[in-house]
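Taking it in order: structure first as structure tokens, then the write-up.
As the structure is a computational prediction, the values presented were derived from the model and not from experiment. Remember, it's 1-based here, ligands and their atoms both numbered in the order they're listed.
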Amino acid sequence: MAKALNAELLQAEQAKVDANVLSGYDLVGFGSGIYYGKHHESLFYFVDRLPAPENKRAFIFSTSGIGMPPFIYDFHKPLKKKLLEKGFDVIGEFSCRGWDTFIRVLNIVGGINKGRPNKKDLRRAEDFARGLKI
Ligand SMILES: Cc1cc2nc3c(=O)[nH]c(=O)nc-3n(C[C@H](O)[C@H](O)[C@H](O)COP(=O)(O)O)c2cc1C
């Protein structure tokens, strides 16, 4: 995604959040693995501290152990709600499976989704990111 968008990558935990943190960017992607049904808490902490964006388009991405149809349970919903409240325009969302060794017994069998995101997932991610430029 970063390659397709020629984007800068920032880790939420290490980001210096000040009034200018978003200046110079017209599209901001927010993503992490899914933890207990939502994005990682460090991302919520980061978004909470962001200044209100001016015409900032955003997108959301994630990897998760299991895939849930959004109409049953939407892992992106809590972060999306926060971004919309903040004033972002959320223009796209991407998710795919990620290697998951959370449950102890899954560790013994090597976890689920080993090797994910795989080449196909990464290609989908790149295509998704390209689509955001249109
Ligand atoms: C503590 C913990 C909680 C998790 N909770 C969920 C969950 O609620 N739903 C899910 O589908 N996957 C869950 N997972 C699996 C992760 O979302 C998955 O492994 C993801 O690819 C991790 O991405 P990361 O390594 O980039 O953080 C959990 C993993 C851990 C370690």
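- Of all atoms in ligand 1, numbered sequentially from 1 with element shown, those under 4.0 Å from a heavy atom of W99 are 18 (C), 19 (O), 21 (O).
- Here's the thing with G37: one of its N/O atoms is less than 3.5 angstrom from an N/O atom of ligand 1.
- The distance criterion of under 3.5 Å between nitrogen or oxygen atoms is met by T63 with respect to ligand 1.
- The nearest protein atom to atom 5 (N) of ligand 1, hydrogens excluded, is given as Y36 N, 3.0 Å; this is a heavy-atom distance.
- Between D100 and R116 no salt bridge is recorded (no basic side-chain N to carboxylate O distance below 4.0 Å).
- Looking only at heavy atoms of the protein, atom 26 (O) of ligand 1 is closest to G33 N, 4.1 Å.
- Between R130 and D127 there is a salt bridge, since a side-chain N of the basic residue sits under 4.0 Å from a carboxylate O of the acidic one.
- Around NZ of K38, the count of heavy atoms belonging to other residues, nucleotides or ligands within 6.0 Å does not exceed 12.
- Aromatic rings of Y36 and F102 (six-membered ring for Trp) have centroids within the 6.0 Å cut-off, being under it.
- Given atom 6 (C) of ligand 1, the protein heavy atom at minimum distance is I34 O, 3.3 Å.
- With a 6.0 Å radius and a threshold of 12 heavy atoms from other residues, nucleotides or ligands, E13 has its CD atom above the threshold.
- Within ligand 1, counting atoms from 1 as listed, the ones closer than 4.0 Å to a heavy atom of G98 are 21 (O).
- Figure legend: cation-pi geometry between R124 and F128 absent, as NZ or CZ is not positioned both under 6.0 Å from the six-membered ring centre and within 45° of its axis.
- Closest to atom 29 (C) of ligand 1 among all protein heavy atoms lies F102 CB, 3.7 Å.
- With hydrogens and angles left out, the side-chain atoms of S62 and H76 include a donor and acceptor closer than 3.5 Å.
- For the residue pair T63 and R97, no side-chain donor N or O sits within less than 3.5 Å of a side-chain acceptor on the partner.
- In terms of protein heavy-atom proximity, atom 11 (O) of ligand 1 is closest to I66 N, 2.9 Å.
- Of all protein heavy atoms, the one closest to atom 12 (N) of ligand 1 is G65 N, 3.0 Å.
- By heavy-atom distance, the residue among Y73, F75, Y35 lying nearest atom 24 (P) of ligand 1 is Y35.
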